[in-house]
Amino acid sequence: RKEVEQDPGPFNVPEGATVAFNCTYSNSASQSFFWYRQDCRKEPKLLMSVYSSGNEDGRFTAQLNRASQYISLLIRDSKLSDSATYLCVVNKGWQGNLIFGKGTKLSVKP
Amino acid sequence: GAGVSQSPSNKVTEKGKDVELRCDPISGHTALYWYRQSLGQGLEFLIYFQGNSAPDKSGLPSDRFSAERTGGSVSTLTIQRTQQEDSAVYLCASSPAGTGYNQPQHFGDGTRLSIL
């Protein structure tokens with residue numbers, strides 16, 4: 001099992017759609033979880049941290065299921081500017097390095 | 001600015017030459033990370049520093065790659081006898097503390113390395 005696994009996509013959706021990304025991780029000792037976005041030929045940028053209780057930031061909702069070692073990101077009312085690659089990120093156990101998934105590409109069309 | 005600074009932003013060199021890439025993390029960040037990303041690929045972890053020590057250097061692809069960090073701040077990544085497969089964007093990131101504290105990493109703009 002890969003350390004962090006994501007559906008590579010691409011996800012092609014119309015503006016206004018709701019889209020969900022899933023991610024699984026293999027290390028049960030992982031403590032920190034994040035979603036990053038990366039625009040073409042740019043550096044990754046933090047989108048949001050993911051907390052055990054789930055958290056929401058505007059149109060974005062992140063969920064964590066520790067028992068299943070599963071993380072999700074929900075984007076509501078998609079905008080053209082949401083087009084990017086979304087990276088699931090997990091730490092490699094306490095004080096371990098962050099492991100980045102290969103990303104899921106999202107393309108929002110008018 | 002107050003972000004992670006990397007230099008040079010672009011580097012073109014001939015195969016076999018040595019290159020040195022520099023990363024200046026956000027002031028006060030104790031953790032520093034190097035990654036590389038080939039075109040269309042995901043991030044490949046290279047090495048992680050906590051202060052001046054490197055608890056995880058498992059990602060360095062060969063002994064041609066080395067990195068150091070002095071004074072708990074600036075880090076340099078050195079690639080000796082470069083090969084064409086070393087061509088990639090080299091990204092540096094820093095975080096306030098180790099990743100166990102749920103601290104995200106903040107990335108620099110990267111160094112785009114091209115080996116001719």
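The chains referred to below are lettered A, B, ... by the order of the sequence lines, with proteins before strands, and numbering in each begins at 1.
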Heavy-atom pairs under 4.5 Å with chain A: which of Leu43(B), Leu91(B), Leu39(B) has the most? Leu43(B)

With chain B, which of Arg41(A), Lys45(A), Lys102(A), Lys105(A) has the greatest number of heavy-atom pairs at distances under 4.5 Å? Arg41(A)

Is any NZ, NE, NH1 or NH2 atom of the basic residue among Asp86(B) and Arg64(B) found under 4.0 Å from an Asp or Glu carboxylate oxygen of the other? yes

Tell me, with the steps shown, if Asp109(B) and Lys42(A) meet salt bridge (Lys or Arg N to Asp or Glu O under 4.0 Å). CA-CA 7 Å; Asp109(B) 292 340; Lys42(A) 295 286 192 179; over 6 Å; no

Counting only non-hydrogen atoms closer than 4.5 Å, does Ile47(B) touch chain A with its backbone (N, CA, C, O), its side chain (CB onward), both, or neither? neither

Tyr90(B) versus Glu44(B), side-chain donor and acceptor atoms under 3.5 Å: no

Looking only at the side chains, is there a donor atom on one of Ser53(B) and Arg69(B) sitting less than 3.5 Å from an acceptor on the other? no

Could you check which of His106(B), Gln41(B), Arg112(B) has the highest count of heavy-atom pairs closer than 4.5 Å to chain A? Arg112(B)

